[in-house]
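For this chain, numbers begin at 1 and follow the sequence in order. Only heavy atoms go into these numbers, but all of them, side chains included; no hydrogens, no water, no symmetry mates. Here the structure is a predicted model, which is why all the values come from computation and not from measurement.
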Amino acid sequence: LLGLGGFTSLPAVLAARSLGIPVALFEINAAEGKATKWLAPLARAVAHAWPQTLELRQSRAGARSEQAKPVTRHVWTGPPLASSFQSGAPTSIEQRQARERLGFDPLAPLVLVLGGSQGASALNRFVARHIWTFAEQRVQVLHQTGPSKLAEAAQCDLGYRGVEFLHDVPTALRAATLVLCRGGASTLAEVAALARPAWVVPYPHHADRHQEANARMLGRGARLVPESSLNLELALELARTAGPTGESRRLEMSAALDGVVPRDGALRLLDLLERLARRALPPDQASARPARAQFQVRPA
């Protein structure tokens, strides 16, 4: 059983333990969640998407006495990524092709706004209020508002499109000159994998501020923006950074993202789960190794 955190993991982990099924946990955020902390003693292994949580675990383990040996194995796998996110930074030609495929002007810069699976009303208000700042700078905007929030999209027909969902995120990221987004771990992993310069606005009301911790994992490849700073001055700076005058800064940010996330995170996690599963099998069954072709990583 692989638990992905949250309160829904608890009954499944307890049931698996009662049946003798090996349990693994996966921590996607750079700040370890309560579910991972509470359930780790019941797991054979805990995989970490970011080195931050693994390093904290190791430092706490080192502070224990030598007789208190940790039972759970903690490993860094990196975040699992679909194969469509494993090609690295797009070339300028690939960027233009992606913009054209999305119906935008291939020669004009594009800001991609990602509000996460539920959308972000703060980002939606910011874009709606300042869309003409982007239009005046000839910067296009592809804006993901979130479900049932299309009414919060900007009212502009000049280089702007608002959508509830993005079904082809890899193409949207390749098309983007700059990304404005929340700090969800999966979003930032995909941003980092394709080396897209990002301005990250963490959700400010999480007690553990894990979105802020996630954003810090991108280092100089991301700019951390407080939600309270979403104003006209920031909109003008963002538009200029996305335009021709911001090219050198964007190249620096993109270079800083190179190698931040491993491209084989999905296979590392899979190998960990396979080893745990094989140990739980009778010896005659554990000796037969399944064909790797059954475990190809495919786009979501």
Side-chain angles (χ1 to χ4, degrees), residues 4-6 26-31 33 48-53 77-90 98 102 110-124 126-127 141-147 149 162-206 208-227 230 238 242 250 253-254 256-258 260-263 265-266 269 299-300:
L4 301 179
F26 180 66
E27 179 54 69
I28 186 65
N29 288 300
H48 297 257
W50 306 96
Q52 168 86 354
T53 51
T77 60
L81 294 164
S83 57
S84 50
F85 293 102
Q86 297 174 16
S87 59
L102 293 171
L110 175 71
V111 169
L112 174 63
V113 182
L114 298 174
S117 60
Q118 299 305 308
S121 290
L123 295 185
N124 294 347
F126 171 71
V127 173
V141 178
L142 175 55
H143 177 196
Q144 180 250 326
T145 65
K149 293 184 178 180
V163 295
E164 290 189 356
F165 293 101
L166 281 172
H167 297 286
D168 189 355
V169 176
T171 296
L173 282 172
R174 288 188 178 90
T177 310
L178 192 67
V179 179
L180 176 68
C181 61
R182 282 298 198 195
S186 296
T187 295
L188 296 189
E190 293 167 357
V191 165
L194 294 179
R196 297 295 78 215
W199 286 22
V200 184
V201 185
Y203 180 71
H205 303 300
H206 289 138
D208 61 358
R209 305 182 72 87
H210 65 262
Q211 289 202 358
E212 184 176 329
N214 294 340
R216 294 191 187 284
M217 292 296 97
L218 272 57
R220 293 179 301 158
R223 173 175 170 177
L224 210 56
V225 178
E227 191 173 290
L230 293 174
L238 193 154
R250 296 196 309 271
M253 296 176 74
S254 181
L257 291 170
D258 186 33
V260 167
V261 295
R263 297 182 184 178
L269 182 58

Between [X] and [Y], which heavy-atom pair has the shortest distance, and what is it?
{"X": "W50", "Y": "L218", "answer": "CH2-CD1, 4.1 Å"}
{"X": "P80", "Y": "L269", "answer": "CG-CD2, 4.5 Å"}
{"X": "L81", "Y": "A193", "answer": "CD1-CB, 3.7 Å"}
{"X": "A30", "Y": "M217", "answer": "CB-CG, 3.6 Å"}

Check: P197 and R223 side chains under 4.5 Å, non-hydrogen atoms: no
Pairwise side-chain contact, N124 with H143, heavy-atom cut-off 4.5 Å (strictly under): yes
Pairing residues for F26 by the ring-ring contact (aromatic ring centres under 6.0 Å, His included) criterion, not counting sequence neighbours: none
Contacts of F85 that satisfy ring-ring contact (aromatic ring centres under 6.0 Å, His included) - sequence neighbours left out: none
[X]: which residues meet the side-chain hydrogen bond (donor to acceptor under 3.5 Å, both in side chains) condition with it, sequence neighbours left out?
{"X": "E27", "answer": "T36"}
{"X": "T187", "answer": "none"}
{"X": "D208", "answer": "H210"}
{"X": "R250", "answer": "none"}

Side chain to side chain contact (heavy atoms under 4.5 Å, CB included) partners of P262, counting only residues at least two apart: W76, P79, D264, R268
Pairing residues for A215 by the side chain to side chain contact (heavy atoms under 4.5 Å, CB included) criterion, not counting sequence neighbours: L188, V200, L224
Inter- and intrachain pairs under side-chain hydrogen bond (donor to acceptor under 3.5 Å, both in side chains), touching residues 212-221, at least two apart: N29-N214, R209-E212, E212-R216
Expected list for residues 112-123: side-chain donor-acceptor pairs under 3.5 angstrom, two or more places apart:
unit_1 : atom_1 : unit_2 : atom_2 : d
S121   : OG     : E152   : OE1    : 3.2
S121   : OG     : E152   : OE2    : 3.3

Check residues 169-183 and write down every donor-acceptor pair under 3.5 Å in which the side-chain atom is one partner and the other belongs to a residue at least two apart or another chain.
unit_1 : atom_1 : unit_2 : atom_2 : d
T171   : OG1    : D168   : OD1    : 3.1
T171   : OG1    : D168   : OD2    : 2.7
R174   : NH2    : S84    : O      : 2.7
R174   : NH2    : S87    : OG     : 2.9
T177   : OG1    : R99    : NH2    : 3.2
T177   : OG1    : L110   : N      : 2.9
R182   : NH1    : V201   : O      : 3.1
R182   : NH1    : P202   : O      : 3.3
R182   : NH1    : E227   : OE1    : 2.9
R182   : NH2    : E227   : OE1    : 2.8

Stepwise side-chain contact (heavy atoms from CB on, under 4.5 Å) test for L238 and V225: CA-CA 11 Å; L238 193 154; V225 178; over 6 Å; no
